[in-house]
Amino acid sequence: MDTADEVERLGRIARNLPRFPIARRLCHQLLEHRDGLVVDDMAEWWLDDIAAVVDNRTTDLEKANLTDLLESFVREIHKLARERNQPATATDEARQALTAATDFVHHPLPAIPRQNISPASSPGAVRSRGPRSVTA
């Protein structure tokens with residue numbers, strides 16, 4: 001593997017690994033409501049692929065790849081719905097599962113804002129409560 005491939009692989013892992021638990025849950029929801037999804041052979045292939053691997057992701061790369069599979073399925077089912085000018089789902093449960101997966105694909109995890117920690121508010125800082133009287 002050359003350096004460019006390794007950089008791409010590590011970047012994909014860094015992007016997708018934090019998203020894996022959510023992607024896995026969404027994959028399970030889609031599979032649970034699979035009968036309510038309106039799919040063609042290609043979208044069915046993506047679902048079959050997801051079903052085959054969703055519960056046996058062990059390496060960081062495999063976990064990152066599950067997120068890519070989910071994204072590919074979501075793109076495919078929406079493309080099919082546009083081409084056929086019909087809904088991508090036939091049941092409310094499938095619609096809710098697909099909506100959640102679509103939101104996940106189009107709105108990745110938000111960045112956590114940096115906090116400006118002043119020395120007085122940092123963990124372990126001693127705060128003064130004013131003068132104390134000491135009795136002996």
Side-chain angles (χ1 to χ4, degrees):
M1 181 179 298
D2 70 359
T3 304
D5 290 339
E6 182 66 8
V7 167
E8 190 276 329
R9 183 182 74 81
L10 292 173
R12 188 161 23 113
I13 290 171
R15 266 189 325 277
N16 290 338
L17 191 59
R19 302 172 71 208
F20 171 75
I22 298 168
R24 184 169 182 246
R25 188 184 76 224
L26 292 169
C27 287
H28 278 287
Q29 288 175 353
L30 289 168
L31 293 169
E32 181 180 341
H33 302 293
R34 184 178 195 155
D35 292 341
L37 298 169
V38 179
V39 297
D40 64 356
D41 290 338
M42 182 54 100
E44 188 74 31
W45 181 86
W46 285 114
L47 279 174
D48 289 343
D49 205 26
I50 289 169
V53 303
V54 68
D55 288 324
N56 64 6
R57 306 284 79 192
T58 55
T59 69
D60 290 348
L61 183 58
E62 289 172 339
K63 291 175 181 180
N65 287 343
L66 182 67
T67 301
D68 290 339
L69 287 173
L70 175 61
E71 290 175 356
S72 295
F73 169 75
V74 167
R75 281 192 304 273
E76 185 64 31
I77 195 169
H78 284 296
K79 177 181 142 202
L80 176 65
R82 282 190 308 275
E83 288 172 353
R84 292 184 175 175
N85 197 27
Q86 68 181 30
T89 59
T91 65
D92 285 340
E93 294 85 2
R95 182 185 50 76
Q96 290 170 0
L98 182 58
T99 298
T102 303
D103 287 346
F104 173 78
V105 167
H106 294 295
H107 305 290
L109 294 177
I112 298 172
R114 297 185 122 212
Q115 289 182 311
N116 293 325
I117 299 177
S118 66
S121 66
S122 64
V126 178
R127 297 179 187 189
S128 172
R129 296 183 185 190
R132 289 188 178 179
S133 62
V134 178
T135 58

* Atom of L26, atom of A100 and distance for their closest heavy-atom approach -> CD2-CB, 3.6 Å
* To do: Determine, using the 4.5 Å side-chain heavy-atom cutoff (strictly less than), whether L80 and L69 are members of one ILVMFWY cluster.
  => no
* To do: If you link ILVMFWY side chains whenever their heavy atoms are less than 4.5 Å apart, which other residues fall into the same cluster as V38? By chain and number, please.
  => none
* What's the shortest heavy-atom distance between A81 and P87, and which atoms? -> CB-C, 4.2 Å
Which pairs of donor and acceptor atoms, one on a side chain in residues 5-13, lie under 3.5 Å apart (sequence neighbours left out)?
from: E6; atom 1: OE1; to: R9; atom 2: NE; distance (Å): 3.1
from: E6; atom 1: OE1; to: R9; atom 2: NH2; distance (Å): 3.4
from: E6; atom 1: OE2; to: R9; atom 2: NH2; distance (Å): 2.8
from: E8; atom 1: OE2; to: R12; atom 2: NE; distance (Å): 3.3
from: R12; atom 1: NH1; to: N65; atom 2: OD1; distance (Å): 2.3

* Side-chain heavy-atom pair T67, R15 within 4.5 angstrom cut-off -> no
* Quick one: does I77's side chain get under 4.5 Å of W46's, heavy atoms only? -> no
* Roughly how far, to the nearest 0.5 Å, is the OG1 atom of T102 from the CG atom of L70? -> 8.5 Å
* Verdict with reasoning, V39 to E76, per side chain to side chain contact (heavy atoms under 4.5 Å, CB included) -> CA-CA 9 Å; V39 297; E76 185 64 31; over 6 Å; no
* Asked: Would you say E44 and L37 make side-chain contact, with heavy atoms under 4.5 Å?
  -> no
Quiz: residues 47-56 side-chain donor-acceptor pairs under 3.5 angstrom, not counting sequence neighbours:
from: D48; atom 1: OD1; to: R34; atom 2: NH2; distance (Å): 2.3
from: D55; atom 1: OD1; to: R24; atom 2: NH2; distance (Å): 2.9
from: D55; atom 1: OD1; to: H28; atom 2: NE2; distance (Å): 2.8

* To do: Please name all residues satisfying side-chain hydrogen bond (donor to acceptor under 3.5 Å, both in side chains) with T58, sequence neighbours left out, ordered by chain then number.
  => E62
* **Qualifying residues under side-chain hydrogen bond (donor to acceptor under 3.5 Å, both in side chains), relative to E71, sequence neighbours excluded** => R19
* To do: Taking all heavy atoms of L30 and all of A101, pick out the closest pair and write down the distance.
  => CD1-CB, 3.9 Å
* **Any pair counted as side chain to side chain donor-acceptor pair (under 3.5 Å), so long as it reaches residues 81-99, sequence neighbours left out** => none
* Common cluster, F73/W45, ILVMFWY with side-chain heavy-atom separation under 4.5 Å -> yes
* **Verify same cluster id: F104, L17 (apolar side-chain graph, 4.5 Å)** => no
* If you take all heavy atoms of A97 and H33, which pair is closest and at what distance? -> CB-CD2, 4.2 Å
